Q: 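Dumping the structure here so I can ask a few things about it.
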There are 2 protein chains.
Amino acid sequence: MPKYRDELDAVLRALADPTRRAVVERLAKSPAVVSELAAPFSMALPSLMQHLRVLENAGLITSQKHGRVRTMSLRPGALDVLHLWLGEQRTPAAHQADRLGIHMTCTTPKET
Amino acid sequence: MPKYRDELDAVLRALADPTRRAVVERLAKSPAVVSELAAPFSMALPSLMQHLRVLENAGLITSQKHGRVRTMSLRPGALDVLHLWLGEQRTPAAHQADRLGIHMTCTTPKET
DNA sequence: GCGATACTTAGGCACATACCTAATTATTCT
DNA sequence: AGAATAATTAGGTATGTGCCTAAGTATCGC
C-alpha cells in the first residue's frame, strides 16, 4: 500500500522541473490548449509535450481532446498529497511555534 | 531577483528523491549524526553523503561537526517556500471550495 | 603512538532526463 | 480535394544523477 508514497514521488519529480512548474502555474489560472502552453517557451513542441506527459502521469493535470485540439487542465486536489506530506514534516519545534502563533525564522550558521 | 524561484527549485529538486525525502522525514523527528542517518539504507556512505550535501545546499538541513562526528538537523522553516508556492497554485475552484469548507475530490476520467 | 572510528575526497560507470529534428497522423478550412 | 493547423511519434544526443570502490583525513580511546 505504498500508493501514497508513489504518488508523492511522482508529484515531486514532476514539480522538480522549472518548465513543468511553469505549466502548472499557468494552468492554475485556467485550462489551456497545448499550443497555448507551449507559446511562452523557446522549446520545440515535442519537448514540451514530454513535460505534459510527465505531469499527466503524475496525476497533476488532465487533458481532453476535441478534434485536433487538446485542452489541459490542472487537476484540483492534485497537490493535496504534497500538502499532506508537508504537514507531516513539521518539526516538534515548528508545531510548538504554530500553537503559539509564532513564525519561526532561521539564521544561517557559518559553514563548518 | 528570482531568489524565491531558485530556492523553490532547489528544494523541489532535493525532495524529488526518495532517499533524501526519507532523510528529511527522519530528521523531522530529531537531529541525527551521519552514520545514524546512513544505517537504514543499503547504500555506501559516500552515496548518502552526496544526498546530504544536496539537502544542505537546498537549505533544507544544516550540519555541525563536533570532533569527527557530524550532526545533521532539519532546518525549521525550510519547507516554508514550498508551502508558499503551494498556496499560490490553488485553482479558483479550490479557493471557492475552501471558502465553503468543501473538500474537493476528483474522479479520474478515462484516458483519451 | 596506534588502531579503530567517522567521515571525506576522488574518480568512474550506467542509466535517466531534457532537449532536438524530421516525419506522421488527424482535423479543419477553403 | 488540397493546404494549413495541431498534435504525435520516432529516434538521436548530451548532460545530469545516483551509485559504486578505493584511498584519504581527522578524531578518539587505549
Side-chain angles (χ1 to χ4, degrees), chain A residues 5-6 8-27 30-73 109-112, chain B residues 5-6 8-27 30-73 109-112:
Chain A
R5 277 196 133 71
D6 289 351
L8 179 65
D9 193 62
V11 166
L12 279 167
R13 264 173 203 288
L15 295 179
D17 182 271
T19 303
R20 288 193 291 261
R21 238 159 28 236
V23 168
V24 168
E25 287 168 8
R26 166 61 190 79
L27 290 179
S30 74
V33 306
V34 172
S35 38
E36 275 178 318
L37 288 175
F41 302 100
S42 55
M43 186 184 289
L45 231 189
S47 308
L48 196 119
M49 289 289 301
Q50 214 167 343
H51 287 303
L52 295 181
R53 218 169 307 131
V54 172
L55 287 169
E56 193 161 13
N57 289 338
L60 284 170
I61 66 178
T62 30
S63 66
Q64 268 183 292
K65 197 163 183 177
H66 286 100
R68 61 187 167 174
V69 175
R70 181 178 292 277
T71 305
M72 320 292 297
S73 356
K110 309 258 175 242
E111 75 268 14
T112 315
Chain B
R5 278 197 133 70
D6 289 351
L8 179 65
D9 194 63
V11 166
L12 280 168
R13 266 174 201 287
L15 295 179
D17 183 271
T19 303
R20 288 194 291 263
R21 239 160 26 237
V23 168
V24 167
E25 286 168 8
R26 166 62 191 79
L27 290 179
S30 74
V33 305
V34 171
S35 38
E36 277 177 316
L37 288 175
F41 301 99
S42 55
M43 186 183 292
L45 231 189
S47 308
L48 197 120
M49 289 291 300
Q50 214 167 344
H51 287 303
L52 295 180
R53 218 169 307 130
V54 171
L55 287 168
E56 193 160 14
N57 288 339
L60 284 169
I61 66 178
T62 29
S63 67
Q64 268 183 292
K65 196 161 186 179
H66 287 102
R68 61 186 165 168
V69 175
R70 180 177 294 276
T71 305
M72 320 292 297
S73 355
K110 308 261 175 240
E111 74 267 11
T112 315

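Quick note on labels: first sequence line is chain A, next is B, and so on, each numbered from 1. Computed from a predicted structure; not experimentally measured.
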Q: What parts of residues 42-52 of chain A reach DNA chain C, counting only heavy atoms under 4.0 Å away?
A: Ser42(A), Met43(A), Ala44(A), Pro46(A), Ser47(A), Gln50(A), His51(A)
Q: Are any of the side-chain heavy atoms of Arg21(A) and Leu8(B) separated by less than 4.5 Å?
A: yes
Q: First and last nucleotide of DNA chain D in contact with chain A, 5' to 3', at under 4.0 Å to a heavy atom: what are they?
A: dA4(D) to dT9(D)
Q: Determine whether a donor-acceptor pair (N or O, by modelled atom type, separation under 3.5 Å) exists between the side chain of Arg70(A) and the backbone of Val34(A).
A: no
Q: Indicate yes or no: at least one non-hydrogen side-chain atom of Met43(B) is less than 4.5 angstrom from one of Thr19(B).
A: yes
Q: Any heavy-atom pair between the side chains of Ser63(B) and Arg53(B) that's under 4.5 Å?
A: no
Q: Got a sec, which residues hit side chain to side chain donor-acceptor pair (under 3.5 Å) with Glu25(A), two or more places apart in sequence or on another chain?
A: Arg5(B), Trp85(B)
Q: Roughly how many Å is it from CG in Asn57(A) to C1' in dT17(C), rounded to a whole number?
A: 14 Å
Q: What integer distance in Å separates Glu36(B):CD from dT5(C):P?
A: 16 Å
Q: Which atoms form the tightest heavy-atom contact between Ala16(A) and Asp9(B), and what is the distance?
A: O-OD1, 3.6 Å
Q: Check whether any side-chain heavy atom of Leu27(A) lies under 4.5 Å from a side-chain heavy atom of Leu60(A), and answer yes or no.
A: no
Q: Think Arg68(B) has a side-chain N or O under 4.0 angstrom from the OP1 or OP2 of dA4(C)?
A: no
Q: Relative to the 5' end of DNA chain C, which residue comes earlier, Asp17(A) or Gly67(A), by the nucleotide with the nearest heavy atom?
A: Asp17(A)
Q: Rounded to the nearest 0.5 Å, how far apart are CG of Leu55(A) and CG of Leu15(A)?
A: 7.0 Å
